[in-house]
Undergrad: 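After the structure tokens below, expect a handful of questions from me.
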Amino acid sequence: GLTEVVQVPEGCALPTAITSQDYSTQGNPFGWASVSQIISQSLIASSVATASGTAVAINGLTATFYIPSGYKARVTLTGDSFENNTNNAYSVLQLWDGAVVSGTAIARSLARYPVGNTPVPFYCEATINQSGVTKTINASFNTLGGGTMTVNASVTYPLTMTVELLAGL
């Protein structure tokens, strides 16, 4: 059998017997915290660079997935750091709903470098508040103001795009 130890506030009581097991059909019943489930993860274990002034796709960072009814999705782009080799230039990372440039940009991480070649940590996140749909998300990068932008990645610190299902749309 299973033994549980439960503490309750003074003056409250719990039933002494549970006669049936009921399960909720809700993703987060009674407003409980949502539970996430990773459904896709893409990793790049080496640095990538571009001198493009317009968004270009990062090869290998795309995900096509279905969001069931009652759920939403969180897409994150994480990694070690990014940098630009030119003073006062910018580096841009973006997540796109659909194709890069012709789709819709849904999240962006941007950094300006007063001094070139200064690695900066980044985090890019988008929440998709739709359910019952299939989505394709792509990652892109570009530079603004010249120079070459590098997204630093390695086996130890990969560039990662993760898709999680979140209960409770």
Side-chain angles (χ1 to χ4, degrees), residues 27-28 31-68 70-169:
N28 59 337
W32 292 340
S34 296
V35 175
S36 71
Q37 174 184 7
I38 294 175
I39 59 171
S40 176
Q41 192 166 55
S42 303
L43 306 170
I44 295 179
S46 60
S47 298
V48 292
T50 186
S52 176
T54 58
V56 292
I58 301 174
N59 291 332
L61 291 186
T62 187
T64 299
F65 54 94
Y66 178 74
I67 306 171
Y71 286 81
K72 56 188 173 182
R74 175 173 49 217
V75 183
T76 55
L77 185 60
T78 59
D80 180 44
S81 61
F82 62 171
E83 59 187 277
N84 192 305
N85 66 356
T86 302
N87 294 350
N88 296 310
Y90 292 82
S91 291
V92 182
L93 286 167
Q94 293 184 96
L95 292 171
W96 296 82
D97 183 354
V100 171
V101 178
S102 64
T104 302
I106 57 174
R108 177 172 76 168
S109 182
L110 172 100
R112 177 177 171 266
Y113 302 90
V115 177
N117 292 321
T118 305
V120 174
F122 67 88
Y123 181 83
C124 192
E125 176 182 308
T127 300
I128 302 169
N129 291 309
Q130 297 173 310
S131 64
V133 297
T134 297
K135 290 288 185 180
T136 298
I137 304 298
N138 288 284
S140 74
F141 64 155
N142 64 281
T143 181
L144 298 174
T148 298
M149 174 199 177
T150 301
V151 182
N152 300 308
S154 66
V155 172
T156 306
Y157 301 105
L159 174 58
T160 307
M161 185 167 78
T162 303
V163 180
E164 299 171 89
L165 282 182
L166 303 173
L169 177 64

Undergrad: Find out whether Ile39 and Glu164 are in side-chain contact, i.e. whether some heavy atom of one side chain is under 4.5 Å from a heavy atom of the other.
TA: no
Undergrad: Can you confirm whether Ile58 sits close enough to Leu93 that some side-chain heavy atom of one is under 4.5 Å from a side-chain heavy atom of the other?
TA: yes
Undergrad: Kindly give the heavy-atom pair with the smallest separation between Leu95 and Met161, and that separation in Å.
TA: CD2-SD, 3.9 Å
Undergrad: Ala139 and Val100: which non-hydrogen atoms are nearest, and at how many Å?
TA: O-CG2, 4.0 Å
Undergrad: Consider side chain to side chain donor-acceptor pair (under 3.5 Å). Of Thr148, Thr86, Thr150, Asn84, which one does Thr143 pass it with?
TA: Asn84
Undergrad: Tell me whether the rings of Phe82 and Tyr113 are parallel (<30°), tilted (30 to 60°) or perpendicular (>60°).
TA: perpendicular
Undergrad: Could you tell me whether the side chains of Asn152 and Ser81 share a donor-acceptor contact shorter than 3.5 Å?
TA: yes
Undergrad: Do Leu159 and Phe141 have side chains that approach each other closer than 4.5 Å (heavy atoms only, starting at C-beta)?
TA: no
Undergrad: Mind checking whether Pro158 and Ile44 have side chains closer than 4.5 Å, heavy atoms only?
TA: no
Undergrad: Search all heavy atoms of Gly145 against all heavy atoms of Ala89 and return the closest pair with its distance.
TA: O-CB, 3.9 Å
Undergrad: State the CE-CD distance between Met149 and Glu83, to the nearest 0.5 angstrom.
TA: 9.5 Å
Undergrad: Do the side chains of Thr127 and Lys72 get nearer than 4.5 Å, heavy atoms only?
TA: yes
Undergrad: Does one side chain, of Ser140 or Trp96, offer a donor that lies under 3.5 Å from an acceptor on the other?
TA: yes
Undergrad: Examine distances only and state if a side-chain atom of Thr76 and a backbone atom of Cys124 form a donor-acceptor pair shorter than 3.5 Å.
TA: no
Undergrad: Just wondering, more than 12 heavy atoms not from Tyr157 lying within 6.0 Å of its OH?
TA: no
Undergrad: Does the side chain of Ile106 come within less than 4.5 Å of Ile137's, by heavy atoms?
TA: yes
Undergrad: Side chains of Thr62 and Asn138 only: does a donor on one sit below 3.5 Å from an acceptor on the other?
TA: yes
Undergrad: Can you find a heavy atom in the side chain of Thr162 that is under 4.5 Å from one in the side chain of Ile38?
TA: yes
Undergrad: Are the side chains of Asn88 and Arg112 in contact, using a 4.5 Å heavy-atom criterion?
TA: yes
